Amino acid sequence: EAHNSIDSYAGTGVFKSTNGGVTWTKLTNVPVIAPTSTQTGPTYYTSSVLAVDVVKNRIWLGFLRRRQGTSSYNGALYKSSDGGATWTRISPSGPPTELQFPFITDLVFDPARTDTVYAASGNAFGQPAEGFSRNGIYKSTNGGTTWMRLTNGLPSLANTGRINLAICSSIPSVLFASIVVPTGASTNGGKLEGVYKTIDGGSTWTKIYTPSYVSGSGALADNWLGEQGWYNNVIAVHPTDTGIVYAGGVNLMKSTNGGR
């Protein structure tokens, strides 16, 4: 379960089907993240992202290693270019130098140019110990070799928690981002911070929806995440009509005017 809670069950791995889901085979060589020096005791893995590029037989896998009963974790992003037979860890060589993909919450790619990839790093708690330095939306145009953080029009890093993305498959320069206020923030923690849109492949972003939090806990018609955006936050756009956008959390919402 990608965003675990107290009643979550551990998964058993990554499975692959080559006959439309009739039968499944567990991939036995999925990489394992080594523990950090401070991670001891029982650990478990959660899969934050699994994206499949059928054009290039490529799989993107982002997951975490977490110590049971604690918030201690380390994560990674891996790529397979042979359908899951072998894997390569993505270690960005471009700016920002601190980027190590510790908490991938979403990944989408341009279906026409699959080397163009967008990754959301959205630790729900905002990584306060690191000054919120790693949360954000990143873009690669060379299949993950180098990355750049997208910032123009997006919220401050201090107000960025979990992030989820949507890309329009027929107009891939159009993307949407649903961003959550970090859990534990002094105000509105875990609620929807806003919905953002880009029409130029991430160069610039516009905030197209801002909740008003009409009640103390955020009315679900206005802030559909309630206070648990850290756990359930999703956004999707129609493949041919960028005016039709779906967003969900506690409630499922639909917009027919581009999310406004």
Side-chain angles (χ1 to χ4, degrees), residues 2 48-56 58 60 62 77 79 90 92 94-96 99 101 103-123 134-157 159-181 192-211 224-225 229 232-249 252-260:
S48 297
V49 113
L50 182 65
V52 180
D53 172 8
V54 296
V55 174
K56 294 189 175 180
R58 179 186 290 166
W60 298 87
L77 177 63
K79 179 177 73 174
I90 301 299
L99 177 60
F101 295 122
F103 208 123
I104 295 294
T105 50
D106 214 346
L107 186 144
V108 297
F109 55 84
D110 184 331
R113 297 178 293 275
T114 58
D115 280 341
T116 298
V117 186
Y118 301 85
S121 181
N123 180 357
R134 294 183 180 180
N135 276 2
I137 302 174
Y138 299 86
K139 179 179 181 179
S140 172
T141 57
N142 52 17
T145 301
T146 59
W147 297 80
M148 59 181 173
R149 194 202 307 263
L150 306 177
T151 59
N152 191 356
L154 291 171
S156 67
L157 298 181
N159 205 37
T160 300
R162 178 178 169 180
I163 306 169
N164 284 82
L165 303 172
I167 188 169
C168 181
S169 57
S170 64
I171 314 173
S173 60
V174 176
L175 294 93
F176 294 83
S178 177
I179 300 179
V180 181
V181 179
L192 178 68
E193 194 280 334
V195 178
Y196 294 78
K197 178 182 179 181
T198 177
I199 60 173
D200 54 15
S203 295
T204 58
W205 295 79
T206 301
K207 191 173 189 179
I208 59 173
Y209 182 79
T210 302
W224 49 83
L225 303 181
N232 44 6
N233 174 35
V234 65
I235 189 166
V237 58
H238 192 283
T240 61
D241 185 349
T242 59
I244 300 177
V245 183
Y246 297 88
L252 179 63
M253 312 296 289
K254 178 182 179 180
S255 172
T256 57
N257 63 355
R260 296 180 182 274

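Residues take their numbers from the sequence shown, with the count starting at 1. Predicted model, so just to flag it, every value in this text is computed and none were measured.
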Backbone N or O of [Y] within a donor-acceptor pair of the [X] side chain at under 3.5 Å?
X	Y	answer
Lys207	Glu193	yes
Arg58	Gly143	no
Lys197	Gly259	no
Thr105	Ile163	yes
Arg162	Asn233	yes
Thr114	Asp110	no

In Å and rounded to the nearest 0.5 Å, what is the CG to CH2 distance from Leu77 to Trp147?
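CH2 of Trp147 is found 6.0 Å from CG of Leu77.
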Just how far is it from atom CG of Asn164 to atom CD1 of Ile235, taken to the nearest 0.5 Å?
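Atom-to-atom, Asn164:CG and Ile235:CD1 are 8.5 Å apart.
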According to salt bridge (charged side-chain N to carboxylate O under 4.0 Å, His left out), who are the partners of Lys56, at least two apart in sequence or on a separate chain?
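Lys56: salt bridge (charged side-chain N to carboxylate O under 4.0 Å, His left out) contacts with Asp115.
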Taking salt bridge (charged side-chain N to carboxylate O under 4.0 Å, His left out) as the definition, give me every residue that meets it alongside Asp53, ordered by chain and number, with sequence neighbours left out.
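So Asp53 forms no salt bridge (charged side-chain N to carboxylate O under 4.0 Å, His left out) with any residue.
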Listed partners of [X] passing side chain to side chain contact (heavy atoms under 4.5 Å, CB included), at least two apart:
X	result
Ala51	Trp60, Leu107, Phe109
Thr198	Leu175, Asp200, Trp205
Ser173	Ile171
Asn142	Ser140, Thr145, Thr146

Thr116: partners by side-chain hydrogen bond (donor to acceptor under 3.5 Å, both in side chains), with sequence neighbours left out
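side-chain hydrogen bond (donor to acceptor under 3.5 Å, both in side chains) check on Thr116 returns nothing, list empty.
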Side-chain donor/acceptor pairs under 3.5 Å, residues 239-249, sequence neighbours excluded:
residue: Thr240; atom: OG1; partner: His238; partner atom: ND1; Å: 3.3
residue: Asp241; atom: OD1; partner: Gly243; partner atom: N; Å: 2.9

